[in-house]
Amino acid sequence: MARPHIEPFVDRDVSFRKFTMPGFPKGMQYKMLSLDPDNGACTMTVMFEPGYRQPPGMSYSEYELFIMTGSITVGDKVHGPGSYFMVPAGVTIGAMSSPRGATGLLFYNYGEPSFIESDSDHPQAERHKFSMVNAYDDMQWASTNFFPATAPGCLVKVLHFDERTQAFTFLYCMTPNFWQDNISYHDCAEEAYHIWGTSWMMQFGDLPTGGYFYRPPYINHGAFGCKLGTLAIGRTDSRLYNHFHFNPWTNIEENKERAASRVQHWMPDLYKWINTHGHNHPVDFEFGHGHAHGDVPHHHGNGMVEHTHKKRRRRRK
Amino acid sequence: MKSIPHKRSREVEAWLKREITEQKARYRKIVAEQDALAPRRDKWVAEFLQRIQTRGTHVHFNTMRKVGPEEIPVRPKRKFRVVF
């Protein structure tokens, strides 16, 4: 089971509370936005109390931090509103503090929050994937470059793009009087948080400042509207494609069926190969064999995706 | 490497258990709130289905097309769910 459909949820309706997870220093508070019951991956609004101090350390899960108000200091550099960090699993960041306090969003994408005090990276850390940017000062708004695209007036700043899964994290804004008259769903899960502003969706009504959703794949959303403008941060877990339509009443199964049918027509040769190839865990020559990491669902021509492999004994020479 | 294998402590397991329980309650509250929104949603849907026949539906960016009356979907008898 992955994260449930949490939509809409407004964090202004609940209070911060102390973050008591073992390993973390005192002085951090949180509001839980969504949580994966299996692996503990979660998204939280966080508040660093004035005077918060954290020694150098790492997390067992990749995480992303976005500063909304106030500032944090990492090493000797001050990071204010709009600062975004993508910290891969096992990568150590320097001593952090927040002399005057700060609020932000913390995304733990593949495991529960963890903090291990350390001066050096974990042996399995991929430091080259670390990134940091100030999304307000260092980046400019651009139209979405998806096809088909959202209506004019929805602009993005891409903060992070995962080249393998095509998952991405982005700021987006809707201009005043933005509207889009269609219904959309995606093959990916997506989540978003309103930093400022209210937007409207035909299914869920108004989502105000502090509004959040975690939406699993194939769930209808839209039509869309926004009277006064909205600034938000969003994230997907894989490639985002806009499956547009105008039937308000379709369900997840029907949407998934339609998406599969579309793939069949868009990529007939690949679709046929995936469906008929006996041992169907495609190997990406850039990333290696799926079995080695156990991260690719597959079957052996019998449709049984849930199975395990016996460990092969090494032959003695 | 998205996550490094490790063992969870009892305290962490307890924290997760508590959060999962609270999330279940949060989910139930959302479902109830969204069920209560049904009459307004029905009105929004009716207005949407009208607009796409007159002003059009977005196909890509600023490209729109008008939907013919014969294309308007018929509401199925099952419950209209928006939270899954």
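Each chain gets a letter, A, B and so on, in the order its sequence line appears, and its residues count up from 1. All figures in this text were calculated on a predicted structure; none of them were measured in a lab.
Counting all heavy atoms, side chain and backbone alike, W44(B) lies closest to M201(A) at CZ3-O, 4.3 Å. The minimum heavy-atom distance linking P148(A) with H60(B) is given by the pair CA-ND1, 3.3 Å. Of all heavy-atom pairs spanning R26(B) and L33(A), the tightest one is NH2-O, 3.9 Å. Closest approach of L49(B) and F246(A) over heavy atoms only: CD2-O, 4.0 Å. The two residues G40(A) and R8(B) make their nearest non-hydrogen contact at N-NH2, 3.8 Å.
With a 4.5 angstrom heavy-atom cutoff, S34(A) touches chain B via backbone and side-chain atoms both. Proximity to chain B is absent for every atom of F213(A), based on heavy atoms less than 4.5 angstrom apart. Of the two parts of I219(A), only the side chain, counted from C-beta on, holds a non-hydrogen atom closer than 4.5 Å to a non-hydrogen atom of chain B. Only the side chain of R18(B) comes within contact range of chain A, judged by heavy atoms closer than 4.5 Å. Residue F146(A) touches chain B through its backbone alone, counting heavy-atom pairs closer than 4.5 Å. If you measure heavy-atom distances from F244(A) to chain B, the contacts under 4.5 Å come from the side chain alone. With a threshold of 4.5 angstrom between heavy atoms, P216(A) does not approach chain B through any atom at all. For E71(B), the parts sitting under 4.5 Å from any heavy atom of chain A are the backbone and the side chain alike. Interface residue H58(B): backbone and side-chain heavy atoms are both found under 4.5 Å from chain A. With a 4.5 angstrom heavy-atom cutoff, S61(A) touches chain B via backbone and side-chain atoms both. Looking at E7(A), the atoms closer than 4.5 Å to chain B (heavy atoms on both sides) all sit in the backbone: N, CA, C or O. Of the two parts of I20(B), the backbone and the side chain both hold a non-hydrogen atom closer than 4.5 Å to a non-hydrogen atom of chain A. Using a 4.5 Å cut-off between heavy atoms, R40(B) does not touch chain A at all. With a 4.5 Å cut-off on non-hydrogen atoms, N247(A) touches chain B through its backbone and its side chain both. If you measure heavy-atom distances from P152(A) to chain B, the contacts under 4.5 Å come from both the backbone and the side chain. Heavy-atom distances place no part of N109(A) under 4.5 Å from chain B, backbone and side chain included.
Rounding to the nearest 0.5 angstrom, the gap separating the OG1 atom in T20(A) from the CD atom in E11(B) is 10.0 Å. Separating the CD atom in E62(A) from the CD1 atom in I4(B) is a distance of 11.0 Å, to the nearest 0.5 Å. One finds the CG atom of N145(A) at 11.5 Å from the CZ atom of F61(B) (value rounded to the nearest 0.5 Å). In this structure, the separation between CZ on R41(B) and CE on M202(A) is 9.5 Å, given to the nearest 0.5 Å.
Taking non-hydrogen atoms and a 4.5 Å limit, the residue list of residues 76-84 of chain B in contact with chain A, ordered by number, reads P76(B), R78(B), F80(B), V82(B), V83(B), F84(B). Within residues 30-38 of chain B, the residues having any heavy atom under 4.5 Å from a heavy atom of chain A are, by residue number, I30(B), Q34(B), L37(B).
In this structure, R55(B) satisfies the cation-pi test against W179(A), with its NZ or CZ atom closer than 6.0 Å to the six-membered ring centre and inside 45 degrees of the ring normal.
Considering only heavy-atom pairs separated by less than 4.5 Å from chain A, the leading option among V74(B), I72(B), T63(B) is V74(B). Top candidate by heavy-atom pairs under 4.5 Å with chain B, chosen from I6(A), L35(A), V14(A), is L35(A). Each of D162(A), T144(A), N242(A), N220(A) has some count of heavy-atom pairs under 4.5 Å with chain B, and the biggest count is that of D162(A). Ranking E47(B), M64(B), E22(B) against chain A, the residue ahead of the rest is E22(B), based on heavy-atom pairs under 4.5 Å. Each of G23(A), A151(A), A223(A) has some count of heavy-atom pairs under 4.5 Å with chain B, and the biggest count is that of A151(A). Most heavy-atom pairs under 4.5 Å with chain B: of the set A149(A), C154(A), G205(A), this distinction falls to A149(A). When the candidates E126(A), Q124(A), M32(A) are compared by the number of heavy-atom contacts under 4.5 Å with chain B, M32(A) comes out ahead.
Under a 3.5 Å cut-off, the side chain of T57(B) and the backbone N or O of D181(A) do form a donor-acceptor pair.
Between P22(A) and V12(B), the closest side-chain pair of non-hydrogen atoms falls below 4.5 Å. Using a 4.5 Å heavy-atom threshold, the side chains of E19(B) and C42(A) count as separate.
Ring geometry for Y60(A) versus H6(B): interplanar angle under 30°, hence parallel rather than tilted (30 to 60°).
Taking the six-membered ring for Trp, W15(B) and F19(A) have ring centres closer than 6.0 Å.
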